[in-house]
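To find a chain, count down the sequence lines: A is the first, B the second, and so on, and within it residues start at 1. Model, not experiment: these values are computed from the prediction.
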There are 2 protein chains.
Amino acid sequence: MVATTEECARELLEVVPLIMRDIRNQMRSQRTPDLTVPQFRTILFVDRNTGASLSDVAEHIGIALPSASKLVDDLIKNDLMSREEDPTDRRRVSLAITHRGRTILEASRKGTLTYLSEKLGGTSPSDREAIVKAMRAIRSAFQKQKNDT
Amino acid sequence: MVATTEECARELLEVVPLIMRDIRNQMRSQRTPDLTVPQFRTILFVDRNTGASLSDVAEHIGIALPSASKLVDDLIKNDLMSREEDPTDRRRVSLAITHRGRTILEASRKGTLTYLSEKLGGTSPSDREAIVKAMRAIRSAFQKQKNDT
DNA sequence: TTTAATTAGTTAGCTTATCTAACCATTAGA
DNA sequence: TCTAATGGTTAGATAAGCTAACTAATTAAA
């Protein structure tokens with residue numbers, strides 16, 4: 001098998017939206033605490049990067065600053081995150097996850113992983129190896145060229 | 001390497017939203033005619049299934065009927081698709097892509113594929129094989145269990 | 001065969017997620 | 001010290017979803 005980049009691109013363009021929709025629908029469903037995908041990703045990022053600024057969030061999540069501002073705003077309203085002024089630079093904001101935020105993040109994560117695992121139940125071991133390998137390759141391919149104009 | 005379904009799920013949950021965002025941002029960018037991802041998917045589906053009904057669209061795209069109705073409405077406003085009454089069943093709607101729709105679909109598709117291909121430029125052949133294999137496995141895993149309650 | 005149930009779509013009204021443009025603070029620099 | 005640049009927020013737009021409530025058409029049933 002040859003597998004050109006073009007071929008991979010075609011597969012990705014067809015399959016990725018499918019999975020994404022599934023993940024989104026699952027997260028919206030009753031099975032899991034109510035977190036949307038961007039909310040989930042934001043909390044996850046802040047959990048791993050306590051004290052991150054809004055710009056950090058925007059950059060890592062891949063959205064514009066105002067979008068991040070609003071997203072975070074809603075999370076704070078729901079007591080999932082906290083926002084403080086950075087004392088060393090009063091323009092900056094220092095974000096952290098609340099106890100409630102961590103609880104909900106964990107539940108949401110677990111629910112979604114369980115759901116996905118079940119979906120993957122019929123895959124063969126070699127399929128699963130391919131998935132892991134593919135995801136790693138993609139991650140590095142897509143994270144590498146982040147700052148190209 | 002073992003690669004449990006759980007492990008795959010973790011990778012998917014992390015990487016899929018990344019790629020999705022990339023695809024979305026690319027489609028929104030100037031490089032490509034202005035189609036959003038759901039618009040793109042809808043047109044693509046109708047192109048491959050001329051005469052499809054709204055329900056068909058909703059089912060295949062994975063959205064509720066009212067969402068599909070609105071989505072299609074906008075596409076029609078932009079002269080990308082046409083809607084006709086099905087003569088055999090006047091409740092049904094028969095969708096088709098316009099000439100303009102096909103042109104834009106092709107341009108958008110090409111632009112996005114080119115973009116993704118470039119991103120994948122640094123991958124090894126074995127990575128690319130893994131990607132193709134993974135996508136196929138995922139597609140069948142996710143399409144199979146569509147109608148479970 | 002008239003009525004009841006089902007099916008296909010639409011409309012209304014809500015939420016979230018994005019964007020760009022315009023703005024205010026704060027900090028850094030000439 | 002005035003001016004640049006940086007970090008966020010606000011305002012206002014569009015798109016993507018949803019559910020609930022509705023209309024019109026078809027099918028099934030009494």
Report task. Give the minimum heavy-atom separation between A:Asp73 and A:Arg83, together with the two atoms involved. Result ->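 Heavy atoms of A:Asp73 and A:Arg83 come nearest at OD1-NH2, 2.8 Å.
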Find the distance [X]:[atom1] to [N]:[atom2] and express it as a whole number of Å.
X       : N      : atom1 : atom2 : result
A:Arg28 : C:dT16 : CZ    : C1'   : 9 Å
A:Asn78 : C:dA17 : CG    : P     : 11 Å
A:Lys70 : C:dT16 : NZ    : P     : 9 Å
A:Leu54 : D:dT10 : CG    : C1'   : 13 Å
B:Lys77 : D:dA16 : NZ    : C1'   : 14 Å
B:Met27 : D:dA16 : CE    : P     : 12 Å
A:Gln26 : D:dC18 : CD    : P     : 15 Å
B:Leu75 : D:dA16 : CG    : P     : 8 Å

Quick one: is [X] getting a side-chain N or O under 4.0 Å of the [N] phosphate, OP1 or OP2?
X       : N      : result
A:Ser53 : D:dG8  : yes
B:Arg90 : C:dA8  : no
A:Arg21 : D:dG17 : yes
B:Ser69 : C:dT11 : no
A:Arg83 : D:dT9  : yes
B:Arg92 : D:dA25 : no

Query raised in the report: Given that A:Asp74 and A:Pro66 both sit by DNA chain C, which one's nearest nucleotide is further toward the 5' end?
Result: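 This one resolves to A:Asp74.
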Requested in this report: Tell me which of A:Leu65 and A:Asp89 sits closer to the 5' end of DNA chain C, going by the nucleotide each one is nearest to.
Outcome: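 The residue whose closest nucleotide sits nearer the 5' end is A:Leu65.
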The side chain of [X] is closest to which nucleotide in this list: [options]?
X       : options                : value
B:Leu71 : D:dA11, C:dT18, D:dA16 : D:dA16
A:Val93 : C:dT20, D:dA16, D:dG8  : D:dG8
A:Ser67 : D:dA16, C:dC19, C:dT10 : C:dC19
A:Ser55 : D:dG8, D:dA16, C:dC19  : D:dG8

Query - Stepwise side-chain contact (heavy atoms from CB on, under 4.5 Å) check, A:Ile63 with B:Arg21 - result: CA-CA 9 Å; A:Ile63 57 181; B:Arg21 177 153 320 270; 3.2 Å; yes
Query raised in the report: Are B:Arg139 and A:Glu11 close enough for a salt bridge, meaning some N to O gap below 4.0 Å?
Result: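 Looking at A:Glu11 together with B:Arg139, the answer is yes, because their closest N to O distance falls below 4.0 Å.
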Report task. Determine, for B:Glu85 against B:Arg91, whether the closest basic-nitrogen to carboxylate-oxygen distance falls under 4.0 angstrom. Result -> no
Query - Sugar-phosphate, base or nothing in reach of B:Arg41, heavy atoms under 4.0 Å - result: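 Nothing: the residue B:Arg41, judged by heavy atoms under 4.0 Å, touches no strand.
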Query - Stepwise salt bridge (charged side-chain N to carboxylate O under 4.0 Å, His left out) check, A:Arg10 with A:Glu14 - result: CA-CA 6 Å; A:Arg10 237 191 316 267; A:Glu14 184 150 341; over 6 Å; no
**Report entry** Base partner of D:dG8, which must satisfy Watson-Crick or wobble distances under 3.5 Å
**Finding:**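 For D:dG8, the partner nucleotide comes out as C:dC23, under the 3.5 Å rule.
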Query - D:dA5 glycosidic torsion: syn (within 90° of 0) vs anti - result: anti
**Report entry** Option among A:His60, A:Met81, A:Arg41 that satisfies the side chain to side chain contact (heavy atoms under 4.5 Å, CB included) test with A:Val46
**Finding:**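 The passing option is A:Met81.
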Report task. Decide yes or no, distance alone: a donor-acceptor N/O pair under 3.5 angstrom between the base of D:dT6 and the side-chain of A:Arg91. Result ->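 When only heavy-atom distances are counted, A:Arg91 does reach the base of D:dT6 through a donor-acceptor pair under 3.5 Å.
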